[in-house]
Peer 1: 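Mind looking over this structure? Questions follow.
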Amino acid sequence: MSASASQALAYLEELPLTVHKKLYQQPSTVLAIFRCMLPHLAKTIVMAMLYMTGPLPIADLDAWVREDARSEKDKAVSNLESLHIINLEQESPKQYTYRLNAGFARSLRQALTGGGSHASFGVPPSQPDPERVDLAFLDEYARKRWETILYYMVASTSGLANAESLGSGVNDGTKTLLRNGEFVRVIHGKAHITEKGFSFVLQEVNSQVWSLLLIYLKHAEQLQMSEVDILSFIFMLGSLELGQDYSTETLSPTQQKMLEDLSALGIVYCSSKSSTRFYPTRLATTLTSEAGALSTVEPVIANALDAPSQGSSGKGYIIVETNYRLYAYTSSHLQIAVLNLFVKLTSRFPNLVAGKLTKESVRRANGLGISASQIIDYLATHAHPQMQKNNPVLPPTVMDQIRLWEYEGERIQTTDGYLMKDFRDEIEYNEIRAYTESLGILVWRNDHKRFLFLDRLEQVKLYMENKKNRGRSQASK
Amino acid sequence: MNAIDGTDRQIKKDTTPPPSLLTVVLDTNPHAWAELSDTLPISAFLPNLLVFINAHLASGTENEVAVIASHLNRAEWLYPTPHVTSSPPGTNGSIATASVPGNPNKYRQFALVEASIISNITRLLDSLSESAVASTTSTLIGGALSLALSYIAKSEIRHSPVDLTSNGSDNPLSALADTEAQSQRLSLTSRILVVSVSGDLANQYIPVMNAIFAAQRKRIPIDVLKLAGDTVLLQQACDATNGVYIKPEHPGGILQYLMMGFLPDQTARKWLNMPGAEAVDFRAACFCHRKVVDMGYVCSVCLSIFCEPNLPDNLCLTCGSYLSLAAAQTGPPALIPRKRKKKKKVGGTGTDSVTPGGNTPAGSGTPMHA
C-alpha cells in the first residue's frame, strides 16, 4: 500500500456505515477499494470468504493464519471492520463468526465476473469522437495542468523570473482548493506557500492527486455535493481505460459538476464545457494503482507512455554522489525550482543542473518547514536508474548528514516558564530550590546568581504565601 | 547532543508487497477431459479459472498473469497472445487492444484477459485433428513448465529496476551500513499453478524433473490442482518447491478451492498455514522405459535410473560410461571394511543407502525405496 493509498484509507475509515453501504453498491468502487486500499492479508481473507457458503468462524481464521503473523492478522481484520467489510456476529453463545458485508460481496462478485448492468466502469459513447485525442496529447495536457498548479504554489520562493507567469493559468476553483488545504496563504493577493505546501510539492504525483482530491471531498458539503457521488466517481476514474473516451450522460449532476473541476486539475480532459464526452488522463487512471503517475520530467514523459514494458525504471533523474554533489538531468523549471529549495545549485546546462547539498541549503529548507526525511524521500524517489541499483539508493553518508544537519537545528529546546530571581538570602533560595526540585518543576538553576527557572508557578506562589502568613502569625505572637 | 546518533537511520521501508506473477499451466488433454465430462467438463471449469485469474489480478495493482496450455504434443500460449502486440502485456491498466469492445459492466483489464484466453483456447480446440488425438494420450507438461519458467525469468528481468547483470556488490559501503535495507528488494514474486487432469506422465520424467529443479533454484513454488489421474511426478514437484497440492474431493466447489488454496501469493503464504500434500510418493521413473519403479539400478556416474540390469554393451544410456549391472545382480555388493583407526565420523557410510552427491539440491533426493 503506497503512501497515497493510506491517506485515502484513513479518510474512508472515518466514514459512517450508511456511507459505506451506499458506496458498496458500485462494483467499480468496491473493486478499487479492494485493489488499492486493503492490506495484503486482508485481500486474501476477503477472497477466501467471497465464495464461501457460510460465515467464517473466528476459530477457523485463527487456525488459517500462522501464529507468528498475529499482528498482521489483527491489522487486516481491524481495517476490514472499520470499513464495515466484515462484521463480527455471534452465531451461538460460544461461536463468533465473521460475515462479509452482503453489498460488498455482491459488488465484488459482479466486478470479478463482469455481471450485472451497473455500468460503473464507464460507458463509452455510442458514436466515435470526431476529434479523438491520442495518448501523447492527454499526457501532455495532464502534465501541463498539474505543473501549472505546482508553479503557482512555488512561485513565491522559486526565484525564477518567469515563475509567476507560468503559474498564472490556475483557475479560481483550484486556488480555493489549495487555500482550503492550507497549501498556500494569500497575502496581498499573492500566493505564499506554507509548510504543508512544501511537503505537498515534495510528494509523488500520485499522493499529490489524492491529497487534493481528499481536500475536495472534505469541502464538498459546502458546495452541496454528496460524498458518495464524489467518491464513486473518483474510484470509477481509477478503473477507466486511458485513451478511451467516455460518455457524460450517465453521470449524476454532482459528478458532471465535478468533471469541470477535475478537468481544471488535469485529471480528466473535456474538449469543451458542453461536450458530452470526457477522457481520463494518466493522473486519473493511476489513482488506484501504484504505478507512478506521470513523471514530470519532460524527456521521460515519452518513456512513461510505454512504462509497463519498462517497469518502474526510467523516471528518475537525480544523481547524488558521496561528496554531496548532485546532478539532475532535467530542464523542467519546476523540478529545478523544487531542487532549489534544498540544494545549492551552481551550474545549469541544457539538460542538466549541477549543485551541492550544503549545510546552509539544507538548513534553509528546514527553516521553510521541509524536514530531512522529506528531502531524502524526494531524492530517493527521483533517483536516476543508475542510482537505483544501489541499496540503499542514496549514499548513507549523505542521508546521515542531511539528518544530522536537521538535528543540529534542534539543539535548542525551548520551554515556556518563569524566572525567579532576587531572593532575599541564601536560605530562602535553597528552600525554594529544594521545594521546586521535589515537585519536578525546576527546569534550570544558577546557584551563583540565585536564578531559578520553573515551568509552573502556582504551587510555589501558594507555598510562599502560606509561608508568609505563617511568618506573620509567628511574629504577632 | 547525545540524541544525535548517525546509526539511528530510519530508512523508509517499502511496505508494498511486490507484484506477483501467476503462471497457469492448463492441461488441455482431450482424452482426460473427456473422462471428466460427467463431473466437471472443461466448459464448466474455465469460468471458474477466469474468475480466479481476475481475483489474482485484483489482489495487487501490478499483478500479472500468464496462461499456457499443455496440449497433446505441444505447449501453447493462451495469454499473453504472442506476436500480436510487441509490448509485453500483463500490467494492469494500460494495454489497449482495439478488438475487445468496451463493456461498461466489466473492468477493462479483466475483459482483455478473458477475451484473449477464450479466443486462444477455442482456436486450439478447433485445430484439433483426429490423427493428433489418436497419436497420443499424454500431454506435454514438461514443455509447458519450461515455457512457464522461461517466461518468469524474462518477466523478472523486465521488472528489475536496472539490468541485473551489473548488480554485484559494487557498493561495499552501503552493504556495510544498512542491515535493515539489506533484505533484497524483490521486484517480482512468481508462482506456477498446474491444473492437471492427465495421469501417467512418467514418459516425461526427465524434462519435468529438470523443470522442478530449475523452479526450486529460483524459489518458484509449483502449485498443483489435480482434477483427475494421479501422478507421482507433480506431487514431487509441489513437495520440492514448497507448492500447494490439492486434489479436490468436490469438483463442484472448485472455485472455493482455488480462492482459498491457490490465491495467496508468496507474500501472503508467509502468514498463512497452507495445505500441503500429506504423503508424497517419491518414486522415480526409470530412464530406459519411463516406468515408475519401486526399486531400480542407478548409474554410479550420472545417477540415471534403470529398471532392469540388461543394458546394451554394459554402457549407461545417459552418460555412456561403463556400467555392468548384471554383476550387481548376481554377485553380492562389495562391502569395504570400515577402517578401524578413524574415529567416529558423523553419518558414517551406511551400507544400504547411497546418498546422492552434495550437488543435488536438498529435499530433492529420490530414494529408491518407496
Side-chain angles (χ1 to χ4, degrees), chain A residues 1-2 28 31 34-36 40-41 43-44 47-48 50-52 63-66 69 72-73 111-124 239 241-244 285 288-291 306 308-309 311-313 373 377 385-386 388-392 395-396 399-400 403-404 407 411, chain B residues 1 3-4 6 9-12 15-17 47 51 54-55 58-62 87-96 102-108 110-111 114 158-162 166-167 170-171 173-175 177-178 181-182 185 187 255-256 259-260 263-264 267-268 270-273:
Chain A
M1 191 169 35
S2 64
S28 59
L31 185 66
F34 178 83
R35 281 175 65 209
C36 63
H40 198 71
L41 188 60
K43 291 180 191 171
T44 314
M47 274 303 174
L50 188 61
Y51 284 94
M52 232 174 236
W64 192 35
V65 180
R66 279 191 197 199
E72 293 285 339
K73 191 205 78 175
L112 289 184
T113 54
S117 55
H118 42 82
S120 67
F121 288 102
V123 184
S239 47
E241 174 83 2
L242 188 65
Q244 169 75 36
T285 53
T288 56
S289 67
E290 269 139 39
D306 47 15
S309 63
S312 55
S313 66
S373 53
D377 282 350
Q386 287 296 326
Q388 294 190 351
K389 265 197 289 197
N390 304 337
N391 191 7
M399 285 197 287
D400 286 350
R403 287 225 167 81
L404 287 172
Y407 280 133
R411 210 158 17 169
Chain B
M1 288 299 279
I4 299 183
R9 212 181 281 126
Q10 306 147 329
I11 290 189
K12 203 175 122 199
T15 50
T16 326
V51 170
N54 287 348
S59 294
T61 46
E62 288 173 78
S87 65
T91 312
N92 272 0
S94 55
I95 309 297
N103 176 355
N105 298 323
K106 188 167 243 172
Y107 185 48
R108 178 116 178 122
F110 296 168
E114 281 182 25
R158 198 154 41 86
H159 272 266
S160 61
V162 272
S166 57
N167 195 11
D170 52 4
N171 194 348
L173 242 187
S174 66
D178 282 281
Q182 268 298 300
R185 270 188 296 171
S187 49
L255 189 54
Q256 186 59 36
M259 287 292 203
M260 197 145 181
L263 191 61
T267 321
K270 275 187 293 193
W271 303 322
L272 299 173
N273 290 315

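The sequence lines fix the lettering, A, B, ..., with proteins before strands; numbering per chain opens at 1.
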Peer 1: Less than 4.5 Å to any heavy atom of chain B: does that hold for the side chain of A:L31, its backbone, both, or neither?
Peer 2: side chain
Peer 1: A:E72: what forms a side-chain hydrogen bond (donor to acceptor under 3.5 Å, both in side chains) with it, not counting sequence neighbours?
Peer 2: none
Peer 1: If you look at every heavy atom in A:W64 and B:P264, which pair is closest and at what distance?
Peer 2: CZ2-CG, 4.3 Å
Peer 1: What part of A:T44 lies closer than 4.5 angstrom to a heavy atom of chain B: side chain, backbone, both or neither?
Peer 2: side chain
Peer 1: Taking salt bridge (Lys or Arg N to Asp or Glu O under 4.0 Å) as the definition, give me every residue that meets it alongside B:K106, ordered by chain and number, with sequence neighbours left out.
Peer 2: B:E114
Peer 1: For a quick test of reading the model, state the closest non-hydrogen atom pair linking A:L112 to B:A58 and the distance between them.
Peer 2: CD2-CB, 4.4 Å
Peer 1: Using a 3.5 Å distance criterion without hydrogens, assess whether the side chain of B:Q256 forms a donor-acceptor pair with backbone atoms of A:A48.
Peer 2: yes
Peer 1: First locate atom CE of B:M259, then atom CE of A:M52, and finally report the distance between them rounded to the nearest 0.5 Å.
Peer 2: 11.0 Å
Peer 1: Are the side chains of B:L272 and A:L41 in touch, meaning some heavy atoms are under 4.5 Å apart?
Peer 2: yes
Peer 1: Please work out which of the three classes, parallel, tilted or perpendicular, describes the rings of A:F121 and B:Y107, given edges at 30° and 60°.
Peer 2: tilted
Peer 1: Looking at OG1 of A:T285 and CZ of B:R108, how far apart are the two atoms once the value is rounded to the nearest 0.5 Å?
Peer 2: 13.0 Å
Peer 1: With only heavy atoms counted, which part of B:L263 is less than 4.5 Å from chain A, the side chain, the backbone, both or neither?
Peer 2: side chain
Peer 1: How close do B:S59 and A:K43 get, counting heavy atoms only, and between which atoms?
Peer 2: O-NZ, 2.8 Å
Peer 1: Using atom types as modelled and distance alone, determine if a side-chain donor or acceptor of B:N54 lies under 3.5 Å from a backbone N or O of A:T113.
Peer 2: no
